[in-house]
Structures are given as structure tokens and as C-alpha cells.
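Comments concern the structure below.
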Amino acid sequence: MNDLLGSMKKSCTCGELEKKHVNKQVILMGWVQKRRDHGGVIFIDLRDRKGITQIVFNPEINKKIHTKAQSIRNEYVLGVIGKVVQRPDNMINSNMATGDIEVLVNELKILNTAETPVFQIEKNVETSESVRLKYRHLDLRRPRLQKNILTRHKVSMVVRDYLNKNGFVDIETPFLTKSTPEGARDYLVPSRINQGAFYALPQSPQLFKQLLMISGFEKYYQIVRCFRDEDLRADRQPEFTQIDMEMSFVNEDEIIEIAEGLIKQIFKKVLDINLELPFKRITYDESIARFGLDRPDMRFALELCDVSNIVKDAGLNVFSNVVKKGGIVKAINVKGHSTFTRKEIDEFTEFVSIYKAKGLAWIKVKQDGWQAPIAKFFTDEKKQALSNCLNMEVGDIVFFVAASAQIANEALGQLRNQLARHLNLVNKNVYKFVWVTHFPLLEYDKVEKRYQAFHHPFTSPLEEDLEKLETALLEVKAKTYDIVLNGTEIGGGSIRIHSKGLQEKVLNALGIDKQEAQNKFGFLLDALSSGAPPHGGIAFGFDRLVMLLCQEDSIRDVIAFPKTQKAACSLTDAPSKISSRKLQELGIKVSELLEE
RNA sequence: GGGGGCGUAGUUCAGUUUGGUUAGAACGCCUGCCUGUCACGCAGGAGGUCGCCGGUUCGAGUCCGGUCGCUCCCGCCA
């Protein structure tokens with residue numbers, strides 16, 4: 001039988017006692033981190049969220065309590081009353097925050113016993129993720145997740161504080177909402193009252209925050225859950241959190257400025273790092289040209305170079321044929337690494353094949369000339385041109401990918417990051433931000449055979465590109481801005497369309513005719529015609545941001561109760577089957593194929 | 001939908017290449033001893049459906065087929 005808490009009240013935490021508290025009577029409560037039973041004296045490390053304090057049971061001081069303490073095991077929950085005493089000089093533990101003192105116990109309550117945990121509640125005891133997820137309540141006791149979750153809390157506080165002070169209003173938006181045709185797959189919720197009809201969980205509060213601007217709130221924010229029914233990744237969960245913002249009467253610069261201020265505050269308050277503002281800005285086109293990706297890691301150079309014009313008639317068919325078909329040849333010069341082995345090059349070749357590159361050509365620049373299978377195809381003149389373009393010097397190795405622009409850029413951009421990892425060029429303690437602006441408004445989906453919004457269908461085109469809406473859709477750039485930190489997109493936004501006419505035009509370009517537009521977005525179009533102010537906003541991936549601040553590799557490690565890659569919760573076993581009665585109530589019949 | 005990795009004591013792993021006696025180690029756990037430890041120490045002990053199902057074989061942790069789970073990635077994620 002456990003002891004009752006009664007009127008016992010924690011007087012301090014296990015992390016705060018030091019020399020100046022000596023002789024004080026204290027009441028501590030917490031979990032047993034470790035017991036060391038010497039037959040005579042028993043030491044117990046008592047842990048709470050703030051730290052660990054050594055408590056001592058001495059049979060000479062209190063025989064009865066000492067006897068009781070013999071039954072204590074790891075993770076038991078204790079309440080103790082005792083006196084803070086200074087440790088003898090030679091027994092001070094300098095590795096411990098509270099190592100100067102210990103607490104001599106004169107009253108002990110065993111508030112709860114505990115089964116031996118399936119894994120040790122300690123730092124640096126490796127445990128597989130499946131076990132950690134199944135016993136998440138135990139994993140959350142450990143220092144790593146405690147720290148991450150507290151960091152997450154701190155970020156959230158800083159965000160709220162900053163936005164509140166800047167006049168933003170926290171407004172909740174519905175979770176039970178309308179399915180939209182564009183974008184990710186929706187999570188659906190059946191309606192019992194309207195059988196056969198479904199709500200969708202929001203992929204983001206996009207339209208609601210625009211409506212709030214139309215309602216005149218001018219500055220909105222929310223730290224809000226979003227839902228997308230797509231396959232998971234280390235940085236993608238089916239439910240995730242955004243810092244969502246929207247402002248009226250602003251242009252891109254004002255939103256970027258507010259967002260930069262927010263990031264600066266977070267880094268200052270959470271990591272005590274002073275970021276320099278403003279962050280660098282590059283356009284989407286420049287980002288793709290120089291780094292191959294729309295989320296460049298700016299911690300290292302290794303820029304890409306388009307060599308199509310030089311190699312297209314160099315007599316090397318794999319290059320010239322690609323250029324003839326409208327593709328490109330891009331190259332990356334890895335300075336000073338002509339020492340790459342055959343095996344390393346093979347690995348890089350295999351790496352780019354993930355991104356559909358069919359091969360990876362290379363040239364090693366040696367003292368006595370080029371060493372490369374493709375070298376013989378180049379005339380001296382071409383060699384010189386290539387050398388100049390890529391700044392090739394003795395000791396360098398250059399990699400080439402020839403493919404469609406999309407594949408070549410993606411493959412070489414990914415290779416760029418891979419090379420940086422391989423060569424250890426990335427410093428984990430450096431934080432390089434960059435804004436990537438002016439994304440295309442639309443892209444062409446070859447599978448669906450139609451245009452799709454690159455960002456979302458409510459994004460405003462650049463004013464100077466409005467005419468191209470009629471003539472060259474794919475050349476229209478948009479008023480967008482993504483913020484990228486060390487190669488990870490942590491946020492993005494846009495200026496929205498606030499005129500009904502333009503919105504209809506863009507929907508039309510997306511292949512949504514007037515009738516369909518009215519059905520699906522009628523409420524927005526109506527609102528736009530009711531006096532909508534110019535407005536725009538941004539959303540940050542809260543989990544990703546916290547992940548980077550915690551130097552974790554997966555957002556699962558900054559979410560208290562994450563899902564597995566099959567979108568299941570190991571702790572609760574969700575999702576699970578439901579009774580036929582409940583299904584009936586909802587008017588839902590599960591396909592026979594799925595039933596056993 | 002596709003490709004890669006992993007699955008052996010409570011936990012982390014070795015053993016699988018080349019099938020062969022009783023499947024090992026560390027940590028944890030249990031018992032006893034121990035009055036100054038803090039990775040306490042000493043002595044002893046318990047603990048395994050080798051993910052699951054099937055096949056090959058005299059014999060399978062090991063080989064083959066299937067399946068489930070975890071994970072990384074491609075596709076997907078406006």
C-alpha cells in the first residue's frame with residue numbers, strides 16, 4: 001500500500017539546492033533515478049523536472065526510515081522531508097548541479113511504486129525508436145525529450161510574446177471544415193447529422209485567415225495544428241503545427257521584416273544567438289541556377305554551373321543529345337578533391353540516380369592534364385572554355401549531370417548537399433538563413449495534364465507579370481517568399497489575391513471554370529468582392545523550426561506524441577477499427593475487400 | 001506504389017557470410033554481503049517462441065519464399 005500525499009507539499013525542486021540552503025528543512029518530491037544501497041547508508045538520486053538531488057538514509061539517524069528505504073526501486077515516486085547538509089569536502093560531486101549538498105531524510109513517503117522500466121531512464125542509453133514510441137511516457141521522462149519539449153514550449157512563448165507586442169491577434173479557426181480540391185490529400189471526418197457528407201481537417205487555415213483580414217482584424221496569428229494525409233518522412237507528420245500569420249495593407253517587405261524579427265527573437269531567447277538582419281534574399285530562379293534546389297544550404301559554396309552552351313557541340317553524344325532535346329548540362333567543381341576514389345564516385349553516381357539522373361560524368365584535373373573517360377571528346381578550345389567557366393585547377397574534380405532542367409538541377413543540387421556532408425563542410429552550429437522569393441505562380445502537372453498552383457491558388461502574381469497570364473502562364477512569377485535555414489524550408493508565404501476578378505482569372509488558369517469556382521471557393525469570391533484589403537502572410541513549420549533549434553534530425557523528437565511512418569500511434573494503437581454500430585450511425589459501409 | 005536498412009534476453013548488440021553440442025556480451029533486473037557512494041563494490045542467480053508463417057534439410061538464429069513491424073529515401077506533400 002502506498003503512502004498518501006496528505007498535506008505534504010513540495011517546498012523546492014530537485015535542481016535548486018546549494019550551499020546556501022544548508023541546515024534548511026526541505027520537502028522534495030520526485031522519481032528515483034538511482035539507488036546505491038551500501039548495506040548501511042543508502043543514497044538515492046531523486047529526480048524531478050528541474051534536476052537531481054542526492055538524498056541520504058542513515059540507519060544511525062533513523063533506523064525505521066532506513067529500513068523502509070530498502071524497498072525503494074528505480075522510478076518509485078517519493079516524497080521526503082529532510083535537512084539540507086553540506087557534503088564533506090572530499091565527497092562533493094562537481095558533475096552535479098546540486099553536488100555540494102545532500103538531504104538527510106527524516107520522513108519518507110513512498111507515493112507510488114513502479115515496474116522496472118523497459119528501458120533505462122537515463123541520458124545516452126540507446127533505445128530503438130519503436131520501443132521509445134510504444135513507451136512514450138517513459139521516453140518523455142528522459143533528458144533529451146524533456147529538453148526538446150521544454151524548448152518547444154519556450155519557442156511558443158517567444159512567438160506569442162513577440163506577435164502580441166506587435167499587435168497580432170490570436171484567433172482560432174475551425175478544424176471541422178470544408179474539403180478543398182487543391183493541395184494535399186485531406187483527412188476526412190464523416191458527419192453523423194448529414195450522412196454521406198464529410199468535413200475535412202484543415203491542411204492549413206489559409207482561407208480562414210484571409211477571411212479574417214477581410215473582416216478587418218488586420219493582424220492575425222495562430223499556433224495551429226494542420227493535417228495532411230500524405231506519406232510521412234523524418235520531417236513530415238500527418239498532423240503538424242504551424243506558426244500562422246496574416247497581415248493587411250502590407251507588401252512582401254513588411255511581412256519579411258516582421259518574420260525576420262520573430263526569428264531573431266527566437267534565436268536570441270532560445271539559443272542566445274544574435275542573428276544579423278536582414279537575411280539574404282535570392283529569387284527562385286537564382287536559387288535553382290546556383291544551387292539546383294529551391295531550399296539552398298548557404299553554409300557552403302559548391303555552386304552549380306550551366307555548361308550546356310560549351311558542351312552541346314563538344315562531340316560527346318550524351319551531352320549534345322540532351323541539349324538538343326531541350327535539356328541542360330550542369331556541373332559542379334569540387335575544389336581539391338581529384339583524390340576521390342572510384343568507389344566514392346560510384347556512390348555519388350548511385351546517389352544522383354535516386355533523383356533520376358541517368359549518370360554522373362566527371363573530370364579530374366591532374367598535373368598532366370584531364371583524367372576522365374570523357375576527356376578525349378574535348379578539343380583544347382573546349383577544354384579552355386570549360387576550365388574558365390568552372391575555374392578548374394589542378395587537384396579539382398568536376399561532376400556533370402545531363403538531363404532535363406528539372407532533373408539536372410534536382411540531382412546536382414542534392415549531390416551538392418551530399419558532397420558537403422561527405423566532406424564535412426557543414427557546421428552544425430552555424431545558422432544560415434536565406435529568403436527565396438518570386439516562385440513561379442504555376443507549374444504544369446504532366447500526369448494530371450493541367451496547371452497547378454506552385455504555392456496555392458490564392459497567391460498574387462507579380463504586377464509586372466499580369467499580362468503574361470494571357471500569354472505565357474509558366475513565366476508568371478508570384479509574390480512569394482520561402483525562408484530557408486541550412487537547407488531546410490522552415491516557412492513560406494505570399495501576398496494574396498484580394499480582387500475577385502484576378503482570383504477568378506487565376507482559378508481559370510488552373511482549369512477551374514466559373515461554375516466550379518463558385519461551388520468550391522464561392523465563399524471566398526463573395527468575400528473578396530465585399531471590400532477585401534490587400535493582404536498577405538506567412539506560416540512557419542513550428543516542428544521543423546524546433547527540430548533545428550534542438551539539433552534533432554526528426555520532428556518526432558520534438559513532438560510529445562508523434563506517429564510512426566505508417567501514420568499510427570504506437571502508444572494508443574490509433575487508428576483502430578470501430579464497431580459496426582458506430583459505422584451504421586454515420587451511414588458508412590466499409591468496403592468488403594477490407595473486411596476479413 | 002517503389003527502392004534501401006533493421007528485427008536475437010527487459011534494453012543495446014555479437015553470432016547469420018561458410019547450417020552442426022547447452023545461442024553469448026554489456027547494461028538492467030533478483031538474492032545475499034557491504035556505513036560515504038554518485039558508472040558504488042563483491043558473490044551468486046534468473047531471464048530467449050532468434051518478429052511471425054511456411055519451405056529446403058538428418059539438422060535452420062543462419063539458406064529459400066511469404067508476411068508483419070520500425071526506419072531512411074523516391075513518388076506524394078498547393
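Proteins come first, then strands; the chains are lettered A, B, ... in the order of their sequence lines, and each starts at number 1.
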What contact category does [X] fall into here, base, sugar-phosphate, or nothing, at under 4.0 angstrom with non-hydrogen atoms?
| X | answer |
| --- | --- |
| A/Phe458 | nothing |
| A/Glu115 | nothing |
| A/Ser204 | base |
| A/Arg73 | sugar-phosphate |

Practice item. State which of B/U71, B/U37, B/G10 makes the closest approach to the side chain of A/Gln565. Key: B/U71

Check your understanding: Among A/Lys520, A/Gln518, A/Lys514, which one satisfies side chain to side chain donor-acceptor pair (under 3.5 Å) with A/Glu516?
Key -> A/Lys520

Check your understanding: With no angle test and no hydrogens, is the base of B/U37 tied to the side chain of A/Gln54 by a donor-acceptor pair under 3.5 Å?
Key -> yes

Check your understanding: Per the atom types in the model, does the base of B/C77 pair as donor or acceptor with the side chain of A/Arg236 at under 3.5 Å?
Key -> yes

Within this structure, what is the [atom1]-to-[atom2] distance between [X] and [N], rounded to whole angstrom?
| X | N | atom1 | atom2 | answer |
| --- | --- | --- | --- | --- |
| A/Leu138 | B/U12 | CG | P | 13 Å |
| A/Gln418 | B/C73 | CD | P | 12 Å |
| A/Asp100 | B/C38 | CG | C1' | 14 Å |
| A/Asp37 | B/C30 | CG | C1' | 14 Å |
| A/Ile52 | B/U37 | CD1 | P | 19 Å |
| A/Lys566 | B/C76 | NZ | P | 21 Å |
| A/Arg35 | B/C38 | CZ | C1' | 14 Å |
| A/Arg233 | B/C74 | CZ | C1' | 7 Å |

Review point. Side-chain donor-acceptor pair under 3.5 Å between A/Gln418 and A/Gln414, yes or no?
Key: no

Exercise for review: Take atom C1' in B/C52 and the same atom in B/C76, then report the distance between them in whole Å.
Suggested key: 31 Å

Check your understanding: Roughly how far apart, to the nearest Å, are B/C27 and B/G59 at atom P?
Key -> 39 Å

Check your understanding: Does A/Arg496 come within less than 4.0 Å of A/Glu246, counting only side-chain N to carboxylate O?
Key -> yes

Review point. Are A/Glu126 and A/Arg132 ion-paired here, with the side-chain N under 4.0 Å from a carboxylate O?
Key: no

**Study point:** A/Phe119-B/U11 aromatic stacking (under 5.5 Å, under 30°)
**Key:** no

**Study point:** Pi stacking test for A/His38 and B/C34: under 5.5 Å apart, planes under 30°
**Key:** no

Using only side-chain N and O atoms of [X], determine if any of them is under 4.0 Å from OP1 or OP2 of [N].
| X | N | result |
| --- | --- | --- |
| A/Lys34 | B/C40 | yes |
| A/Arg36 | B/C40 | yes |
| A/Ser130 | B/G7 | no |

Exercise for review: Would you check if the distance from the ring center of A/Phe43 to the ring center of A/His38 is below 6.0 Å?
Suggested key: yes

**Study point:** A/Tyr76/A/Ile110 under side-chain contact (heavy atoms from CB on, under 4.5 Å): CA gap, chis, key distance, verdict
**Key:** CA-CA 7 Å; A/Tyr76 277 29; A/Ile110 297 178; 4.0 Å; yes

